[in-house]
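Accompanying notes for the structure given below.
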Amino acid sequence: MKIVFATNNKHKLDEIRDILGHEFEIVSLKDIGCDVDIPETGSTLEENALMKARYVFDNYSLNCFADDTGLEVEALNGEPGVYSARYAGEGHDSEANMKKLLEKLGNNNNRQARFRTVIALVLKDSPKESITLFEGIVNGRIAYEKHGTEGFGYDPIFVPEGYDQSFAELGLDIKNKISHRARATQKLVEHLKDIKQ
């Protein structure tokens with residue numbers, strides 16, 4: 001089955017392809033000639049994911065899924081949440097985002113946090129489309145400083161539960177098995193396999 005992943009983020013694309021394996025042909029926005037910066041103006045991860053998937057479905061008539069991910073820090077009342085990618089401004093600057101987060105947390109001993117991914121899947125289904133949402137959560141804590149060089153986004157400061165290293169130290173093999181995106185993607189895969197049968 002050919003399906004569009006509504007992203008041009010190479011890290012996300014590689015991660016999803018790695019998790020999904022060869023059963024599905026995953027193509028990016030670039031692959032279908034979509035160079036529009038699809039707006040993410042929703043107030044929740046669910047709204048943003050659905051907005052992106054619907055845009056591709058409505059404009060290209062292709063099966064599509066899209067994700068939105070937020071880092072939710074307990075001591076900051078769930079910040080940065082839906083604004084994770086642009087926490088320090090519109091530039092999607094990971095370094096600036098991490099710096100702002102660490103500064104806001106300061107020496108607060110409550111470092112509890114979680115990554116949450118929501119995937120919205122829109123499929124052609126006569127007589128209309130079908131929409132399904134999948135959620136993946138990984139709990140953990142925010143480190144006091146950055147560690148590791150692998151991964152992207154907040155990976156150098158997020159330590160998943162049950163580990164004493166950050167996502168950026170653990171490496172992609174482990175991250176792709178335990179991450180929020182891996183958990184949401186696993187639900188997506190199971191759903192797609194059910195449909196194919």
Side-chain angles (χ1 to χ4, degrees), residues 5-16 18-19 28-30 35-53 65-120 135-161 163-172 174-176 178-185:
F5 179 19
T7 188
N8 276 323
N9 181 320
K10 188 177 177 341
H11 294 295
K12 280 188 181 184
L13 203 57
D14 289 346
E15 200 170 270
I16 287 278
D18 194 46
I19 294 165
S28 68
L29 292 174
K30 186 179 175 186
D35 55 9
V36 176
D37 193 10
I38 303 168
E40 294 179 57
T41 54
S43 58
T44 65
L45 300 176
E46 288 81 359
E47 286 175 12
N48 280 344
L50 191 52
M51 212 175 278
K52 290 185 279 188
F65 68 91
D67 78 324
D68 200 20
T69 293
L71 175 64
E72 299 169 348
V73 180
E74 193 175 279
L76 301 179
N77 299 313
E79 279 187 27
V82 74
Y83 303 106
S84 293
R86 51 192 186 279
Y87 194 41
E90 285 303 315
H92 292 252
D93 183 337
S94 295
E95 290 299 319
N97 289 338
M98 283 188 282
K99 185 172 187 281
K100 179 177 178 178
L101 182 66
L102 290 174
E103 282 173 1
K104 280 193 96 167
L105 263 182
N107 289 321
N108 192 319
N109 287 329
N110 180 1
R111 314 298 283 188
Q112 292 305 304
R114 67 179 191 170
F115 264 122
R116 193 164 70 90
T117 290
V118 174
I119 294 176
E135 181 186 62
I137 293 172
V138 63
N139 293 307
R141 61 184 167 82
I142 302 298
Y144 285 88
E145 57 189 33
K146 295 188 303 179
H147 296 281
T149 56
E150 287 205 40
F152 60 99
Y154 294 91
D155 286 355
I157 61 170
F158 184 81
V159 179
E161 210 168 62
Y163 293 83
D164 55 9
Q165 291 180 301
S166 74
F167 267 158
E169 291 175 291
L170 289 170
L172 291 179
I174 293 174
K175 182 189 172 188
N176 286 352
I178 66 168
S179 79
H180 43 293
R181 191 170 293 110
R183 289 171 181 179
T185 303

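Bear in mind the structure is a predicted one, so any value in this text is a computation, not a measurement.
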Open item on the list: Any non-hydrogen side-chain atom of P80 less than 4.5 Å from a side-chain atom of N97?
Closed with: no
Open item on the list: For Q112, give me all partners under side chain to side chain donor-acceptor pair (under 3.5 Å), at least two apart in sequence or on another chain.
Closed with: none
TODO: Check whether any side-chain heavy atom of L71 lies under 4.5 Å from a side-chain heavy atom of L101, and answer yes or no.
DONE: yes
- [ ] Report yes if the side chains of L29 and I38 come closer than 4.5 Å at any heavy-atom pair, otherwise no.
- [x] yes
Open item on the list: Check whether R114 reaches the backbone of N139 with its side chain - one donor and one acceptor, N or O, closer than 3.5 Å.
Closed with: no
TODO: With rounding to the nearest 0.5 Å, note down the distance linking NE2 in H147 to CD1 in I157.
DONE: 10.5 Å
Open item on the list: Applying salt bridge (charged side-chain N to carboxylate O under 4.0 Å, His left out) as the test, list every pair that has at least one member in residues 136-152; sequence neighbours left out.
Closed with: E95-K146
Task: Minimum heavy-atom distance A143-R111, with the two atoms named - done: O-NH2, 3.1 Å
Open item on the list: For K99, is the NZ atom crowded, meaning more than 12 foreign heavy atoms sit under 6.0 Å from it?
Closed with: no
Task: Verdict with reasoning, L102 to I142, per side chain to side chain contact (heavy atoms under 4.5 Å, CB included) - done: CA-CA 8 Å; L102 290 174; I142 302 298; 3.9 Å; yes
Task: Distance (rounded to the nearest 0.5 Å) between R183 CZ and R116 CZ - done: 14.0 Å
Open item on the list: Nearest 0.5 angstrom please: T44 OG1 to M51 CE, how far?
Closed with: 8.0 Å
Open item on the list: Tell me whether Y83 at atom OH has more than 12 heavy atoms from other residues, nucleotides or ligands lying less than 6.0 Å away.
Closed with: no
Task: Ring geometry between F65 and F5 (parallel below 30°, tilted from 30 to 60°, perpendicular above 60°) - done: parallel
Open item on the list: Quick check against the 3.5 Å criterion: does N48 have a side-chain atom that pairs as donor or acceptor with the backbone of G42?
Closed with: yes
Open item on the list: Is any side-chain heavy atom of E40 closer than 4.5 Å to one of K52?
Closed with: yes
Open item on the list: Testing the basics here: between A6 and A66, what is the closest heavy-atom pair and its distance to 0.1 Å?
Closed with: CB-CB, 3.8 Å
TODO: State which residues pass salt bridge (charged side-chain N to carboxylate O under 4.0 Å, His left out) with E161; sequence neighbours excluded, sorted by chain then number.
DONE: none
Task: Nearest heavy-atom neighbours spanning N110 and L105 - done: O-CD2, 4.0 Å
TODO: Dump the intermediate steps for side-chain hydrogen bond (donor to acceptor under 3.5 Å, both in side chains) on Y87 and E79, then the final yes or no.
DONE: CA-CA 9 Å; Y87 194 41; E79 279 187 27; 2.6 Å; yes
Open item on the list: Any non-hydrogen side-chain atom of I137 less than 4.5 Å from a side-chain atom of F115?
Closed with: no
- [ ] For V138 and I178, work out which heavy atoms get closest and say how close.
- [x] CG2-O, 3.8 Å
TODO: Any chance you could measure L45, atom CG, to D67, atom CG, to the nearest 0.5 Å?
DONE: 9.5 Å
Task: Sub-4.5 Å side-chain heavy-atom contact between P160 and L170 - done: yes
TODO: Flag the pair R181 / I16 as yes when at least one side-chain heavy-atom distance between them is below 4.5 Å, and no otherwise.
DONE: yes
Open item on the list: Testing the basics here: between S28 and T7, what is the closest heavy-atom pair and its distance to 0.1 Å?
Closed with: CB-O, 3.4 Å
Task: Euclidean distance, N108 CG relative to L76 CG, rounded to 0.5 Å - done: 7.5 Å
Task: Closest approach of A53 to A120 (non-hydrogen atoms, all atoms of both residues) - done: CB-O, 3.7 Å
